[in-house]
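Since the structure comes first, as structure tokens, the remarks are kept for the end.
Since we're looking at a predicted model, the values are computed, not measured.
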Amino acid sequence: MKRWLAALCGAALLIAPGVQAQAQSPAPKVLRVAFNSAETGFDPAKISDTYSRTLTAHIFEAPLEYDPLARPARLRPRTAAAMPEHSADYRTWTVKLQRGIRFADHPAFGGRPRELVAQDYVYSFKRFADPANASPIWSYLESYGLLGLAELREQATARRQPFDYDREIDGLRALDRYTLQFRLREPRPRFDYVLAGSDLFGAVAREVVEHHGGAVMEHPVGTGPFLLKQWRRSSLVVLARNPGFRTVTYDAQPAPEDAEGQAVLARLKGRPLPMVDEVQVSMIDEEQPRWLSFLNGQLDALAGVYGSLPGSFAPTAMPNGTLAPNLAQRGIRAHRQLNPDVILTMFNMAHPLVGGNAPPQVALRRAIGLAMDTGREARLIRRGLAVPAQSVLLPHTTGYSPTFKSENGDHDPARARALLEVFGYRDRDGDGFREQPDGSPLLLEMATQPDQIYRQFDEQFQRDLNAVGLRVRFVTGQWPEQLKLARAGKLMLWMLGNTASTPDGQDVLQRLNGPQAGGQNLARFSLPAFDALYDRLSALPDGPEREALFRQAQALSVAYMPYKASVHRISVDLLHPWVIGYRRPLFWSDWWHRVDLDAEARRAAGINPARQP
């Protein structure tokens, strides 16, 4: 026994230097967050949901980005060497790229470093037009009128041939290895916002797409700070530091009077990015497990558009709008903000019962809107973390006015009942529920999700509609599946959110733009007068004339009501004291690479970073 102990001690002495070196190397910094709904995948050309776009924004890179601390929002170069140059009429935009930026390593590159070049952006933009990709973003990109791109798509469709990626078009060209040029059919003064969308318009390497074929949705390879390490669909996503990421240091330009922003800058300026080594994203759709995971330290933050403080726990965490003393004593911080978003109830305008622009169908939609008690939803279900919406336009964006008032914000069951009576929706058999004007049954179908919070929404919706004599049944499915059905035009009604990705209020109006039906326009609304307004909004620079057009667009959206805008959400982000440098983004979704973790503070709180939610 003594000899065994002596041998063991001798062995320990022999390996002690290596063990000591290992002990001194810092443990990886792992940021742990949660999504409240599942992702759909990682191919920018095939996604549109907030959850997937949050992930791709950390993997791919667009030419521009938003300054993380500037308020109001300000663009700056990302992979671009400088801000884009544009012609006087805003039809031609030219971008020069930095040299030496590389994609993450991948077998498709044959073991050689792969530099980002202008042709990569040409290819990436063309992928949205490829009919084989069935991109939900194509209609949005098409609205910018890149010369020749729609025609290239039509050629592939008409001839039933593969999309010709090698054919040059005037609207999308690599002038040389590092110079990219866009030419647009009409003036587009805000095209630079498109160039800041890393979630959708980040560069994709053609070799990787061709290497993986139909499975590219599962194999994202970009130039950004992270790469995909692990994916358990609808359960867990792990992003790891991209070891080939170029040298980028933290910098920003907060306003001089912005004390919070100046403090973040003073602490982090010059730090290499990313500051964390890994990000673990857990999909936790139910509110209580997500809240408990944060309290237990298994989540570092409840933050971002995808997973802030669950509304049902707002009274516990933020009584009377102030952080609870027990949380403050633990050093937890709260950030409260009215979001640039809106919750919408979508009406399928192609459905024979609720769709169309004929007066009876318009009256039915408006009656449903008047029956919905959005004030109660904001107060009770969302626990005060929302304000009733007056239109589809989003706070913090152009066109939005906090003083605007419309029927959309009214809860008036008496007026709803009167509308239904006038247009022939009456209870003919005395069962308490109305029939259609021709006497046939009237049954509304609302698509929903199985989460507990949706059960509360459904109960209120049913109560509100029953109060005006309308019958509704609910069709339950997972969120990604409901989105697929909505795109295919197979849902009658569905509640969804819209979050701004740019400061331009026109972006949400994609939801009503006829040419974008089936893409961003899930309601399939089509009204020539509205489409004409949309085109004029696209071409005009910001100013009083454009603001007046926003008022007209609001009036049409309320009058025809293809969507009932219910509330704008107020987010409360909660962060443990070891999360350093967080500031909630306004119009972008990438921030994980710009925060640091204080490992000592985490250990002092007794948190084991290896434990997953």
Side-chain angles (χ1 to χ4, degrees), residues 48 50 53 57 62-67 70-76 78 83-84 86 89-91 93 95 125 128 136-146 182 184-201 305 337-342 344 389-402 404 497-516 519-521 530-554 556-557 563 565 568 585-590:
S48 65
T50 296
R53 289 171 63 173
L64 306 180
E65 67 178 1
Y66 290 92
D67 184 312
R71 303 291 187 275
R74 181 170 58 245
L75 293 176
R76 67 184 189 183
R78 184 165 184 161
M83 292 299 291
H86 61 77
D89 62 0
Y90 296 102
R91 293 173 189 252
W93 294 75
V95 184
F125 272 78
F128 292 93
I137 304 299
W138 162 243
S139 57
Y140 167 69
L141 185 60
E142 184 184 23
S143 71
Y144 282 91
L146 284 91
F182 301 88
L184 313 174
R185 184 175 58 249
E186 303 290 342
R188 291 294 182 265
R190 288 157 296 276
F191 186 69
D192 49 354
Y193 291 150
V194 174
L195 301 179
S198 291
D199 52 350
L200 297 175
F201 302 112
V305 295
Q337 172 182 288
L338 176 63
N339 290 340
D341 72 12
V342 66
L344 304 169
Q390 300 296 329
S391 82
V392 298
L393 291 182
L394 313 178
H396 308 292
T397 68
T398 52
Y400 175 81
S401 170
F404 178 80
N498 194 106
T499 299
S501 58
T502 80
D504 186 16
Q506 186 179 356
D507 279 4
V508 71
L509 299 182
Q510 301 167 51
R511 298 285 187 190
L512 296 92
N513 182 221
Q516 302 194 49
Q520 293 298 88
N521 180 1
F530 186 91
D531 295 340
L533 276 177
Y534 187 91
D535 291 341
R536 291 176 64 195
L537 282 164
S538 298
L540 282 174
D542 291 334
E545 184 180 359
R546 194 166 188 257
E547 288 296 311
L549 293 183
F550 275 120
R551 299 290 84 77
Q552 295 179 46
Q554 283 176 301
L556 287 175
S557 70
Y563 301 90
H568 304 297
L586 274 176
F587 307 114
W588 57 99
S589 50
D590 55 319

Checklist entry - Is atom CZ of Arg536 surrounded by more than 12 heavy atoms (other residues, nucleotides or ligands) closer than 6.0 Å? => result no
Kindly indicate whether the side chain of [X], heavy atoms from C-beta on, has any atom under 4.5 Å from the side chain of [Y].
X      : Y      : value
Leu64  : Met83  : yes
Tyr563 : Asn521 : yes
Asn498 : Leu344 : yes

Checklist entry - How are the rings of Trp93 and Tyr90 set to each other: parallel, tilted or perpendicular (split at 30° and 60°)? => result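 Rings of Trp93 and Tyr90: tilted, as their planes differ by 30° to 60°.
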Checklist entry - What closest approach, in Å, do Asp89 and Pro187 show between heavy atoms, and which atom pair accounts for it? => result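 Heavy-atom minimum between the residues: O-CB, 3.2 Å.
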Checklist outcome for this item: Tightest non-hydrogen contact, residues Glu547 and Gly399, listed as OE2-N, 3.2 Å
Checklist entry - With Phe550, which residues qualify under ring pair (Phe, Tyr, Trp, His ring centres under 6.0 Å), at least two apart? => result none
Checklist entry - Just by distance, do the side chain of Gln506 and the backbone of Tyr534 share a donor-acceptor pair under 3.5 Å? => result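 Checked: pair present.
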Checklist entry - Can any side-chain N or O of Arg91 pair as donor or acceptor with the backbone N or O of Leu184 at less than 3.5 Å? => result no
Next on the checklist: Run the side-chain hydrogen bond (donor to acceptor under 3.5 Å, both in side chains) test against Asn513 and tell me which residues pass, sequence neighbours left out.
Outcome noted: Gln516, Asp531
Item to check | Contacts of Tyr400 that satisfy side-chain hydrogen bond (donor to acceptor under 3.5 Å, both in side chains) - sequence neighbours left out | outcome: none
Checklist entry - What distance do Phe587 atom CZ and Asp504 atom CG have between them, rounded to the nearest 0.5 Å? => result 9.5 Å
Next on the checklist: Determine whether the aromatic ring centres of residues Tyr144 and Phe182 are separated by less than 6.0 angstrom.
Outcome noted: no
